[in-house]
Amino acid sequence: MKKHKLEDLIEESGLLAGDITSAKVEVIASIVLTFGYSLSTLATILALQEEEELAQSKTAETQDQSFYIQEMYKQLQSVNNRLDTIERKLYRF
């Protein structure tokens, strides 16, 4: 009976009292490292998304500028054609 009480006391003091063992430290370290790796991966993903959004906005801005330049070119061609027509009519007179 005393033997069981002694074993129970040792078991209680070891597990329930929270003795730090190398196995517990290893598990905690593994959890912390996994959590850190996950945060690092998340930070990398967010940085890549931000870069992609920035690149897309620059591409859209470049496309918009290209469109406006093409429209301006068409308008200038139209004005130039009108001026040519007016110039030809003036030379007739």
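Since the structure is predicted, the reported quantities are computational estimates derived from the model, not experimental observations.
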Distance, nearest 0.5 Å, that separates [atom1] of [X] from [atom2] of [Y]:
X	Y	atom1	atom2	answer
Gln75	Gln70	CD	CD	12.5 Å
Ile69	Leu76	CD1	CG	11.5 Å
Leu46	Leu39	CG	CG	10.5 Å
Leu54	Gln49	CG	CD	13.5 Å
Ile45	Glu50	CD1	CD	12.5 Å
Leu33	Ser38	CG	OG	10.5 Å

Worksheet item: How about Glu26: does its CD atom have over 12 heavy atoms from other parts shown lying under 6.0 Å from it?
Response: no

Worksheet item: Are the side chain of Thr41 and the backbone of Tyr37 linked by a donor-acceptor contact shorter than 3.5 Å?
Response: yes

Worksheet item: Distance-only, no hydrogens or angles: does the Thr34 side chain make a donor-acceptor pair with backbone N or O of Ser30 under 3.5 Å?
Response: yes

Worksheet item: Does the distance from a Lys or Arg side-chain N to an Asp or Glu carboxylate O, for Lys58 and Glu61, drop under 4.0 Å?
Response: no

Worksheet entry | side chain to side chain contact (heavy atoms under 4.5 Å, CB included) between Val27 and Ile31, worked out | CA-CA 6 Å; Val27 169; Ile31 290 170; 3.9 Å; yes

